[in-house]
Amino acid sequence: MTRENNYISYQLYQEDEILAITITFSNLKEKKQQFMVRYDMETARLAGRGLIEDEDKMTALEFQQAYKQIDLEDQKNRTATELELKSKGYHIHEDYVGLDIWEYVK
């Protein structure tokens with residue numbers, strides 16, 4: 001779950017399918033609230049392949065190396081974000097393991 005400013009976002013996944021749900025909050029005049037819900041469904045294969053430019057021109061080894069590099073950068077960004085949120089007093093589930101989609105992307 002992600003919550004920043006005016007929205008909450010969830011990503012649910014099972015095997016090769018990813019469902020992302022985002023709920024956006026907005027305050028209107030007269031103290032009324034408006035909620036907007038957006039959902040996206042896609043396969044992990046499509047999501048993973050969409051991360052790499054010109055993947056169709058790469059060999060299998062080049063594609064695997066490019067994917068691993070992007071995955072490493074994502075892990076670093078996640079770690080940095082978690083450290084920042086911890087310093088602000090948020091609780092982080094430390095045993096959480098992110099979705100490994102390489103099995104579906106290759």
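Computed over heavy atoms, backbone and side chain alike; hydrogens, waters and symmetry mates excluded.
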query: What are the two closest heavy atoms between Met58 and Glu53, and how far apart are they?
result: CE-O, 3.6 Å
task: Check whether more than 12 heavy atoms from other residues, nucleotides or ligands sit under 6.0 Å from atom CD of Glu17, and answer yes or no.
output: no
field: Pairwise side-chain contact, Ile92 with Leu85, heavy-atom cut-off 4.5 Å (strictly under)
entry: yes
- request: Hey, could you give me the OG1/CD1 distance between Thr24 and Ile8, rounded to the nearest 0.5 Å?
  value: 10.0 Å
field: Rounded distance [0.5 Å steps], CD in Gln65 versus CD1 in Ile70
entry: 12.5 Å
message: Tell me whether Gln14 at atom CD has more than 12 heavy atoms from other residues, nucleotides or ligands lying less than 6.0 Å away.
response: no
Cluster overlap Tyr10 with Val37, hydrophobic side-chain contacts below 4.5 Å: yes
- prompt: For the residue pair Lys57 and Glu62, what are the closest heavy atoms and their distance?
  reply: O-OE1, 4.4 Å
message: Using the rule given for salt bridge (Lys or Arg N to Asp or Glu O under 4.0 Å), can you reason through Glu82 versus Arg78, listing the C-alpha separation, both sets of side-chain angles and the distance that settles it, and then say yes or no?
response: CA-CA 6 Å; Glu82 286 178 353; Arg78 181 183 178 92; 3.0 Å; yes
- request: For residues Ile52 and Phe63, report the shortest heavy-atom separation together with the two atoms involved.
  value: CD1-CE1, 3.4 Å
message: Applying side-chain hydrogen bond (donor to acceptor under 3.5 Å, both in side chains), can you list everything that pairs with Glu84, at least two apart in sequence or on another chain?
response: Lys88
message: My understanding is that only residues two or more places apart in sequence, or in another chain, count here; which of them pass salt bridge (Lys or Arg N to Asp or Glu O under 4.0 Å) with Asp74?
response: none
- request: Using the side-chain hydrogen bond (donor to acceptor under 3.5 Å, both in side chains) rule, pick out the option among Gln75, Lys68, Gln69 that qualifies with Asp71.
  value: Gln75
query: Going through the checks in order, is the side chain to side chain contact (heavy atoms under 4.5 Å, CB included) test met by Thr43 and Ile18?
result: CA-CA 6 Å; Thr43 64; Ile18 301 171; over 6 Å; no
field: Heavy-atom side-chain contact between Leu19 and Tyr39 under 4.5 Å
entry: yes
statement: Here the gap from Thr81 atom OG1 to Lys86 atom NZ, rounded to the nearest 0.5 Å, amounts to 12.5 Å
